[in-house]
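Shown next, in structure tokens, is the structure this report addresses.
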Amino acid sequence: RPFWGWLNAVFNKVDYERIQAVGPDRAASEWLLRCGALVRYQGYEKWQQDYNGLPTGPLGKYKIEAINATDSCIMYRGFDYLDGLEHVTEIKLQKCIYIQDECLQRLSETKNLQKSLLRLQIISCGNVTDKGIVALHKLRNLEYLYLSDLPGIREKETTAQVLQQALPNLEVELDLE
């Protein structure tokens, strides 16, 4: 178990020179796929899942529009890759064992995501608590939030209410025990 944690930390290490060299979308794609997530590019319906099959082309041609991090090992350490992404409208975090409140707070503080992110799903991420969900209040354009199987959420009604107050246009769907 400690070996995998170490390896996942290596996968999440941010390479700032790489971001400079290939642009934020390409570098983030590499990070996400390396960690087992999927990405979908603007104007494409197919999810990219094969690291070796990443599309090539002129710098900046492929813009990440959606991220599906189901069963991935993404962790806080790699979230700097999200900073340069300007077109991400949806993110799904499902069964992500390294996602915790700090990750959601970091997501909410990412300037570009505050503008672009419309849909967010957080499912079966055991380290997420009410504090992390409330931290999402800075995602001012968020239209839809789906929360399911989050045992760390203790005050679901209050938490949803706080978010609704901060984001009046937000539809919150709760599937919590």
Next on the checklist: Taking the side chain as everything from C-beta on, heavy atoms only, tell me whether L82 gets closer than 4.5 Å to I67.
Outcome noted: yes

Item to check | Gap between atom CD1 of I99 and atom OH of Y76 - 0.5 Å precision | outcome: 11.5 Å

Item to check | Flag side-chain contact, heavy atom, 4.5 Å: E173 against Y144 | outcome: yes

Item to check | Hydrophobic cluster identity match, L113 and L167, side-chain contacts under 4.5 Å | outcome: yes

Item to check | I97 backbone acceptor or donor facing N127 side chain under 3.5 Å | outcome: yes

Checklist entry - Can you list the steps and then say if L107 with L120 is a side chain to side chain contact (heavy atoms under 4.5 Å, CB included)? => result CA-CA 11 Å; L107 206 65; L120 178 60; 4.3 Å; yes

Checklist outcome for this item: On a heavy-atom basis, the closest approach of R119 and L117 is O-CD1, 3.6 Å

Next on the checklist: Taking the side chain as everything from C-beta on, heavy atoms only, tell me whether S29 gets closer than 4.5 Å to Y41.
Outcome noted: yes

Checklist outcome for this item: Nearest heavy-atom contact between K115 and N141 is O-ND2, 2.8 Å

Checklist entry - Got a donor-acceptor contact below 3.5 angstrom from the R154 side chain to the P151 backbone? => result yes

Checklist entry - Are any non-hydrogen side-chain atoms of P55 and Y44 less than 4.5 angstrom apart? => result no

Item to check | Main-chain N/O of I123 paired to S148 side chain as donor or acceptor, under 3.5 Å | outcome: no

Checklist outcome for this item: Nearest heavy-atom contact between N12 and C73 is ND2-O, 2.9 Å

Item to check | Expected output: side-chain E102 to main-chain L104 donor-acceptor under 3.5 Å | outcome: no

Checklist outcome for this item: Of all heavy-atom pairs linking A69 and C96, the shortest is O-SG, 3.0 Å

Item to check | Value rounded to 0.5 Å, distance of CG in D149 from CG in D175 | outcome: 8.0 Å

Checklist entry - In terms of heavy-atom contacts, does CD of Q20 have more than 12 from other residues, nucleotides or ligands at under 6.0 Å? => result no

Checklist entry - Just by distance, do the side chain of E143 and the backbone of N169 share a donor-acceptor pair under 3.5 Å? => result no

Next on the checklist: Tell me if a side-chain donor or acceptor on T159 pairs with a main-chain N or O of D130 at a distance below 3.5 Å.
Outcome noted: no

Checklist entry - Which atom names give the shortest non-hydrogen contact between V134 and L163, and what distance separates them? => result O-CD2, 4.1 Å

Item to check | Partner residues of F79 under the ring-ring contact (aromatic ring centres under 6.0 Å, His included) criterion, sequence neighbours left out | outcome: none

Checklist entry - Would you find more than 12 non-hydrogen atoms of other residues, nucleotides or ligands less than 6.0 Å from E109 atom CD? => result yes

Item to check | Check: L176 main-chain N/O paired with K156 side-chain donor or acceptor under 3.5 Å | outcome: yes

Checklist outcome for this item: Rounding to 0.5 Å, atoms NZ (K61) and CG (D25) come to a distance of 13.5 Å

Checklist entry - Considering residues at least two apart in sequence or located in another chain, which fulfil the side-chain hydrogen bond (donor to acceptor under 3.5 Å, both in side chains) criterion with K92? => result Q94

Checklist entry - Of the non-hydrogen atoms in L150 and I122, which two are nearest, and what is the gap between them? => result CD1-O, 3.7 Å

Checklist entry - Out of curiosity, does V39 fall in the hydrophobic cluster containing V14 (side-chain heavy atoms, cut-off under 4.5 Å, transitive links)? => result yes

Checklist entry - Mind checking whether I153 and L142 sit in one hydrophobic cluster, side chains of I, L, V, M, F, W, Y counted as touching below 4.5 Å? => result yes

Next on the checklist: If we check ring pair (Phe, Tyr, Trp, His ring centres under 6.0 Å) with W31, which of these qualifies: F11, Y81, Y51?
Outcome noted: Y81

Item to check | Same apolar cluster (I L V M F W Y, side chains within < 4.5 Å links), V88/L33 | outcome: yes

Checklist entry - If Ile, Leu, Val, Met, Phe, Trp and Tyr residues are connected whenever their side-chain heavy atoms lie under 4.5 Å apart, and connections chain through other members, are L139 and V172 in the same group? => result yes

Next on the checklist: Return the CG to SG distance between D71 and C35, rounded to the nearest 0.5 Å.
Outcome noted: 13.0 Å

Checklist entry - Distance-only, no hydrogens or angles: does the E65 side chain make a donor-acceptor pair with backbone N or O of G43 under 3.5 Å? => result no

Item to check | Side chain to side chain, H137 and V162, heavy atoms closer than 4.5 Å | outcome: no

Item to check | CD-CZ distance between Q49 and R40, expressed to the nearest 0.5 angstrom | outcome: 13.5 Å

Checklist entry - Between D80 and R106, is the closest basic N to carboxylate O distance under 4.0 Å? => result yes

Checklist entry - Would you find a donor on one side and an acceptor on the other, under 3.5 Å apart, between the side chain of S108 and the backbone of K138? => result yes

Checklist entry - Just how far is it from atom CG of L136 to atom CG of D101, taken to the nearest 0.5 Å? => result 9.5 Å

